[in-house]
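What follows is a set of notes on a single structure, which appears directly below.
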Amino acid sequence: MNANRQLCIGFSLSATWMKGHSWRRPDSRVEKMKSIDYYIELAKLAEKAKLDFLFRADYLYISPQMLGDSANFGSPDPTVMFAAIARETNRIGLVTTVSTTFNPPYVVARQLQSLHWLSSGRTGWNIVTSIEGAENFSDSPMPSPQERYARAREFTDVVRELWASFPREAILIDRESGKFSDPDQVSSINHSGEFFSVKGPLTLPAHKSGTIPLFQAGASDIGRDFASSVADAIFAAMPDLESGVELRSDLRRRAEEHGRHPNSIKVLPGLYFFLADTREEAQALFEAANAHFSIERRHAALKSVLDLDLSNFELNDRVTADMLPDPNQPVRSRTHAELLRRYIINYQPTVAEVLSRPEVLGSAHWVSVGTVEDVLNDIMERFEAGAIDGFIALPGGSEQSMELFFEKLMPQLVEQGLFRGEYTGSTLKEHLGI
């Protein structure tokens, strides 16, 4: 392993330790989820640990799974949340999520550039094409993945053109001449494309830190091609080491085909960890977090992910490639469907094993259960194997799991030389090495 190579680590502000029945623990502090003060407290903990960035996902719809027994305080606009957090932090990056399917690019370019100014150059944009929510914006059905990604490409191009339309150098503030700005440096973009027509320029100048880093979360074939062409980092779904090695190698190859250096894109899976002082305690946390997933609920999730109905099979029956449905039929998430198809083709698992997969239980995150040493070894194994460039920390089971991450696991990563002990920059671009 390259001795100079270090992990890039972000922290999710989605309170993942409240999942399942975990919020019912007396020490869960679940009531604090409704206050921005709670998220500011978490942000300060992450900044104290010198993490690269905070991340917040976004949902533009309410699904049945979000209500009832799920600890879910809706989905506040993450960009607005980060505007509040920006005032209470100084160095840590703020990666917000904005959909290219349901928003106008001019508004998004303006919001992100505004947050970039408020945070002094710490903003990142997680570009998503959304997989649900069309009914909240029009009577039109959800666009196909091909249309959503074509729109995302044009959307991203427009946003970047708008950011460049009002360069920082246009602000002169020349008292002697009385010239505050140079109109000749501010220009319209006059964009006219398949999806958007935007004149420009943007209403505020670029920040001195430069352009906003781009993140992307799709790992399907079409998502990989888009990410490898524009993203500085990808939030990857990789439930096992093999899928991680394949994904990272493929993204680096595609980046080169797009004329980029392979190191210009970082692969950052979500690491959903359950930490405790003993393996038995960690396993109990994991089981409690998934206790709400009954067999019936798992079968329904599998049907949603892969359109595969195994409800009439025994749990110890094998699932083989010939049982898989047509890969071209519509599914909720192409990324998760392709991961699960690959797993079934390669391993012919039992029905019970399929129903226990991360793609079925959640978001195909990398799951690690055990002591601090166990999870540390898991991280080191994937890093040394070339499966990851870092990860998004998703504490599971309890706040104790999160506390062990900050108090024990992060110091050990620093001690191993896998993460820095102090910030070396003050912007997100500097943290990412861009």
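All values derive from a computational prediction rather than experimental measurement.
- Under a cutoff of 6.0 Å and an axis angle of 45°, K19 and Y272 form a cation-pi pair.
- With respect to E257 and R253, a salt bridge is recorded, a charged nitrogen being found less than 4.0 Å from a carboxylate O.
- Under 4.0 Å is where a charged nitrogen must lie from a carboxylate oxygen, and between K429 and D232 no such pair does.
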Item to complete: Test W366 against D240 for side chain to side chain donor-acceptor pair (under 3.5 Å), laying out the working first.
Response: CA-CA 6 Å; W366 160 23; D240 49 58; over 6 Å; no
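- A side-chain donor-acceptor contact under 3.5 Å links R148 to the backbone of P143.
- No side-chain N or O of T350 forms a donor-acceptor pair with one of N316 less than 3.5 Å apart.
- A300 pairs by the side-chain contact (heavy atoms from CB on, under 4.5 Å) definition with nothing, not counting sequence neighbours.
- Figure legend: cation-pi geometry between R56 and Y39, with NZ or CZ positioned under 6.0 Å from the six-membered ring centre and within 45° of its axis.
- For F11 and F406, the distance between ring centers is under 6.0 angstrom.
- Few gaps surround CZ on R342; more than 12 heavy atoms of other groups in view lie less than 6.0 Å from it.
- For Q216 (side chain) and A231 (main-chain N/O), no donor-acceptor pair under 3.5 Å exists by modelled atom type.
- A donor-acceptor pair under 3.5 Å links the side-chain atoms of S12 to the main chain of S14, judged by distance alone.
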Item to complete: Using the side chain to side chain donor-acceptor pair (under 3.5 Å) rule, take R122 and N90 through it: C-alpha gap first, then chi angles, then the decisive distance, then the call.
Response: CA-CA 9 Å; R122 293 185 284 137; N90 299 298; 5.9 Å; no
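- Heavy-atom contacts from other residues, nucleotides or ligands closer than 6.0 Å to CD of E373 number 12 or fewer.
- Remark: aromatic rings of H431 and Y423 are close, center separation under 6.0 Å.
- If you take CG on L302 and OG on S311, they are separated by 9.5 Å, rounding to the nearest 0.5 Å.
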Practice prompt. Mind running side chain to side chain contact (heavy atoms under 4.5 Å, CB included) on I344 and T320 for me, showing each step along the way?
Written response: CA-CA 6 Å; I344 290 170; T320 55; 5.9 Å; no
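- A salt bridge does not link K48 to E407: none of the charged nitrogens lies less than 4.0 Å from a carboxylate oxygen.
- S114 places a side-chain N or O within donor-acceptor distance of the main-chain N or O of R110, the cut-off being under 3.5 Å.
- The number of heavy-atom neighbours closer than 6.0 Å to NZ of K408, taken from other residues, nucleotides and ligands shown, is 12 or below.
- Under the 3.5 Å distance criterion, the side-chain polar atoms of S401 are left unmatched by any main-chain donor or acceptor of P395.
- A salt bridge is defined here as a Lys NZ or Arg NE, NH1 or NH2 lying under 4.0 Å from an Asp or Glu carboxylate O, and E147 with R153 fails to meet this definition.
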Item to complete: Report the C-alpha separation of L355 and H299 in whole Å, then their side-chain angles, then the decisive distance to 0.1 Å, and conclude whether the side chain to side chain contact (heavy atoms under 4.5 Å, CB included) test is met.
Response: CA-CA 7 Å; L355 295 178; H299 277 298; 3.7 Å; yes
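- Under a cut-off of 6.0 angstrom, the local environment of CG in D322 is crowded, with over 12 non-hydrogen atoms contributed by other residues, nucleotides or ligands.
- Listed for the N290 side chain is a donor-acceptor partner under 3.5 Å among the backbone atoms of F286.
- In summary, of the residues considered (T97, D58, T96), a side-chain hydrogen bond (donor to acceptor under 3.5 Å, both in side chains) with T79 occurs for T96 alone.
- Side-chain atoms of S209 and T427 include no donor-acceptor pair closer than 3.5 Å.
- Taken from CZ in F274 to CD in E281, the straight-line distance is 14.5 Å, to the nearest 0.5 Å.
- Contacts classified as salt bridge (charged side-chain N to carboxylate O under 4.0 Å, His left out) and involving residues 78-90 (residues at least two apart or in different chains) are given here: K44-E88.
- Inter-residue side-chain proximity for L432 and F215 is flagged as met; some heavy-atom pair is nearer than 4.5 Å.
- For Y106 and F196, the ring centers sit 6.0 Å or farther from each other.
- Between W125 and F155, the ring planes lie tilted relative to each other; the angle falls in the 30° to 60° range.
- Sorted by first and then second residue, the salt bridge (charged side-chain N to carboxylate O under 4.0 Å, His left out) pairs involving residues 410-421 (not counting sequence neighbours) are D52-R420.
- S398 places a side-chain N or O within 3.5 Å of a backbone atom of Q400 that can act as its donor or acceptor partner.
- A salt bridge does not link R91 to E47: none of the charged nitrogens lies less than 4.0 Å from a carboxylate oxygen.
- In this structure the side chain of L251 never reaches within 4.5 angstrom of the side chain of R248, judged on heavy atoms.
- For R318, the CZ atom counts as densely surrounded, since its 6.0 Å shell holds more than 12 non-hydrogen atoms of other residues, nucleotides or ligands.
- L404 is not listed as a side-chain neighbour of L409, based on a closest heavy-atom distance of 4.5 Å or more.
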Discussion item. Before you tell me yes or no, could you show the steps for L310 and L308 under side chain to side chain contact (heavy atoms under 4.5 Å, CB included), namely the whole-Å CA-CA distance, both residues' side-chain angles and the distance that decides it to 0.1 Å?
Written reply: CA-CA 6 Å; L310 299 178; L308 178 62; 3.9 Å; yes
Worksheet item: side chain to side chain contact (heavy atoms under 4.5 Å, CB included) between F273 and V369: does it pass, once the steps are laid out?
Response: CA-CA 6 Å; F273 55 82; V369 182; over 6 Å; no
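- For F383 and F391, the ring centers sit 6.0 Å or farther from each other.
- A side-chain donor-acceptor contact under 3.5 Å links H116 to the backbone of G210.
- Listed for the D374 side chain is a donor-acceptor partner under 3.5 Å among the backbone atoms of T371.
- F226 has its side chain within reach of T156: a pair of non-hydrogen atoms, C-beta onward, lies under 4.5 Å apart.
- Ionic pairing of D37 and K32 is not present here: no N-O contact between side-chain nitrogen and carboxylate oxygen is shorter than 4.0 angstrom.
- A 4.5 Å side-chain heavy-atom check between L418 and Q6 finds every atom pair outside the cut-off.
- Between D250 and R254 there is a salt bridge, since at least one side-chain N of the basic residue sits less than 4.0 Å from a carboxylate O of the acidic one.
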Fill in: Evaluation steps, side chain to side chain donor-acceptor pair (under 3.5 Å), between H191 and S197
CA-CA 5 Å; H191 176 89; S197 180; over 6 Å; no
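- Of the possible polar contacts, none joining the T123 side chain to the L94 backbone as a donor-acceptor pair under 3.5 Å is found.
- Both tests pass for R357 against the ring of Y343: distance under 6.0 Å to the centre and angle within 45° of the axis.
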